[in-house]
Amino acid sequence: MQTDPKPGTLYIVGTPIGNLEDMTFRAVRILQNVNLIAAEDTRHTGKLLQHFQVKTPQISYHEHNRHSRIPELLEYMANGQAIALVSDAGMPAVSDPGYELVIACIQAGITVVPIPGASATITALIASGLPTDRFVFEGFLPPKAAKRREYLESLQTESRTLIFYESPYRLPESLQDFATVLGGDRQIVLARELTKLYEEFWRGTIAEAIAHYNQRQPQGEYTIVLAGNPPSQLQLTEAQLKAELLQMITQGISRSQASRQLAKITTVPRRQLYQLALSLEIDTE
């Protein structure tokens, strides 16, 4: 049943992630009939609106103006205007400041209506071949190497399928960090140009992905689907962990390297193992 946009309502409208045929009839109708469209990039969205013959005026809403723009948009809706929120591609409020506008509307008692559409996260997952029954979306990885490795360490024991976004410029470094922190034998799927003419799914291990992209320049934005921590990994008591660490250290392996190696075959994060290693009293005589 079709209904016109209701006054004083925020509509979160999904747009195509590449192929314009993925635009829904409902999304076009809402965009045609709201009072205003809040767009991440008005020039980019303008091309989409022109294609679907939508003449609704736009207002910019993005990372750099969100603090000043939210009160303005709330006032428009308080005065009875219906607003559609769109991002450059996919569902708004996923890895963009749309989330803050949604929270502000809820707090102000303004109705929020989702208009479902394409999502790179789900599109990559369902075609990845990795488990889809339990998964977690982690968004963009930290750009700084140290922070990125620390972040990945916090995910070492995560058994659910992991999904990330990454730029082509940082992909090689991120793959190296995956191998260092999580091991090179985990299954990984790299999806690029989703729904577009040159859509590609690359499947293999992390180590194989590193080798692949040593021979090929990454192109396009990537959605990474990564296998979770295998449930078959060892689960040891603290006393057993200390014994394993002690054995490796007395063989000449550093505390840091021993912690890293043990983290790869157990369910314990490397940082926690390192603290255990530091607590060991090593007889150096």
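Only a predicted model underlies this, so the values are computations on that prediction, with no experimental measurement involved.
- Here the side chains of Gln176 and Ile210 are in contact, with some heavy-atom distance below 4.5 Å.
- The two atoms that bring Gly14 and Ala27 nearest to each other are O-CB, 4.0 Å, heavy atoms only.
- Of all the heavy atoms in Met23 and Pro16, the pair that sits closest is SD-CD, 3.5 Å.
- Note on Leu36: it clusters hydrophobically with Ile12, by side-chain heavy-atom contacts below 4.5 Å among ILVMFWY residues.
- Shown here for Gly98 and Leu85, the closest heavy-atom pair between the two residues is CA-CD2, 3.8 Å.
- The aromatic rings of Phe164 and Phe178 sit tilted relative to each other, their planes meeting at an angle between 30° and 60°.
- Taken to the nearest 0.5 Å, the CG atom of Leu241 stands 6.5 Å off from the CG atom of Leu276.
- Checking side-chain atoms of Arg203 against main-chain N and O of Ser128 turns up a donor-acceptor pair under 3.5 Å.
- The minimum heavy-atom distance linking Pro168 with Gly220 is given by the pair CD-O, 3.3 Å.
- The OG1 atom of Thr266 sits 5.0 Å away from atom CG of Leu273, with the distance rounded to the nearest 0.5 Å.
- In this structure the side chain of Glu173 reaches within 4.5 angstrom of the side chain of Arg148, judged on heavy atoms.
- In this structure, the side chain of Asn35 engages the main chain of Ala82 through a donor-acceptor pair within 3.5 Å.
- No chain of hydrophobic side-chain contacts below 4.5 Å, direct or via other Ile, Leu, Val, Met, Phe, Trp or Tyr residues, connects Ile110 to Val34.
- Here the CG atom belonging to Asn33 is positioned 14.5 Å from the NZ atom belonging to Lys6, to the nearest 0.5 angstrom.
- Residue pairs satisfying the side chain to side chain donor-acceptor pair (under 3.5 Å) criterion with at least one member in residues 40-49, sequence neighbours excluded, are absent.
- One hydrophobic cluster, built from ILVMFWY side chains closer than 4.5 Å, holds both Tyr11 and Val28.
- Taking Glu166 as the reference, Arg170 meet the salt bridge (charged side-chain N to carboxylate O under 4.0 Å, His left out) condition, with sequence neighbours excluded.
- Side chain of Arg69 to main chain of Ser60: a donor-acceptor pair is present (N/O by atom type, distance under 3.5 Å, no hydrogens or angles).
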Next item on the list: Let me see the working for Glu100 and His67 under side chain to side chain contact (heavy atoms under 4.5 Å, CB included), right down to the final yes or no.
Entry: CA-CA 9 Å; Glu100 297 179 36; His67 294 302; 4.1 Å; yes
Note to self: Run the side chain to side chain contact (heavy atoms under 4.5 Å, CB included) test on Leu226 and Leu182 for me, step by step, so that the C-alpha distance in whole Å, both residues' side-chain angles and the decisive distance to 0.1 Å come before the verdict.
What the structure shows: CA-CA 10 Å; Leu226 181 65; Leu182 305 175; 3.6 Å; yes
Next item on the list: I would like to know whether Ile188 and Ile224 meet side chain to side chain contact (heavy atoms under 4.5 Å, CB included); could you show each step before the answer?
Entry: CA-CA 7 Å; Ile188 191 171; Ile224 301 172; 3.7 Å; yes
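- No side-chain heavy atom of Arg271 sits less than 4.5 Å from a side-chain heavy atom of Ser154.
- Side-chain contact of Glu138 with Tyr151: a donor-acceptor pair under 3.5 Å is present, judged by distance alone.
- Annotation for Gln53: atom CD does not count as buried by contact number, only 12 or fewer foreign heavy atoms lying within 6.0 Å.
- Within 6.0 Å of the OH atom in Tyr99, the count of heavy atoms belonging to other residues, nucleotides or ligands does not exceed 12.
- Within 6.0 Å of the CZ atom in Phe201, the count of heavy atoms belonging to other residues, nucleotides or ligands exceeds 12.
- Leu171 and Leu162 fall within the same hydrophobic cluster, where Ile, Leu, Val, Met, Phe, Trp and Tyr residues are linked whenever their side-chain heavy atoms come under 4.5 Å apart, directly or through other members.
- For the atom pair Met77 CE and Ile83 CD1, the distance stands at 4.5 Å (nearest 0.5 Å).
- Ile249 has its side chain within reach of Arg255: a pair of non-hydrogen atoms, C-beta onward, lies under 4.5 Å apart.
- Within 6.0 Å of CD on Glu21 lie no more than 12 heavy atoms contributed by other residues, nucleotides or ligands.
- Between Gln257 and Met248, the closest side-chain pair of non-hydrogen atoms is not below 4.5 Å.
- For the atom pair CD of Gln275 and CZ of Arg270, the computed distance is 9.5 Å after rounding to the nearest 0.5 Å.
- Criterion: ILVMFWY side-chain heavy atoms under 4.5 Å apart, direct or through other members. Under it, Val189 and Phe135 are part of a common hydrophobic cluster.
- Between Leu175 and Tyr213, the closest side-chain pair of non-hydrogen atoms falls below 4.5 Å.
- Residues Ser87 and Thr15 share a closest heavy-atom pair of O-OG1, 3.6 Å.
- Heavy atoms from other residues, nucleotides or ligands lying under 6.0 Å from CD of Glu72 number more than 12.
- Within the 3.5 Å criterion, the main-chain N or O of Glu200 finds no donor-acceptor partner in the side chain of Arg192.
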Next item on the list: Please report the C-alpha distance between Thr205 and Arg186 in whole Å, then the side-chain angles of each, then the deciding distance to 0.1 Å, and finally whether the side chain to side chain contact (heavy atoms under 4.5 Å, CB included) criterion is met.
Entry: CA-CA 5 Å; Thr205 66; Arg186 276 211 204 184; over 6 Å; no
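- Nearest heavy atom pair, residue Thr24 against residue Pro116, reads CG2-O, 3.9 Å.
- With Thr161 contributing its side chain and Pro131 its backbone, the two residues share a donor-acceptor pair below 3.5 Å.
- A donor-acceptor pair under 3.5 Å is formed between the side chain of Glu199 and the backbone N or O of Thr195.
- Taking the side chain as every heavy atom from C-beta outward, Leu152 and Thr180 never approach each other to under 4.5 Å.
- In this structure, the separation between OH on Tyr169 and CD on Gln217 is 9.0 Å, given to the nearest 0.5 Å.
- Within the structure, side chain to side chain donor-acceptor pair (under 3.5 Å) contacts touching residues 101-119 (residues at least two apart or in different chains) do not occur.
- The side-chain heavy atoms of Leu31 and Leu49, taken from C-beta on, include a pair separated by under 4.5 Å.
- Of the charged side-chain nitrogens involved, none lies within less than 4.0 Å of a carboxylate oxygen, so that Arg149 and Glu153 do not count as a salt-bridged pair.
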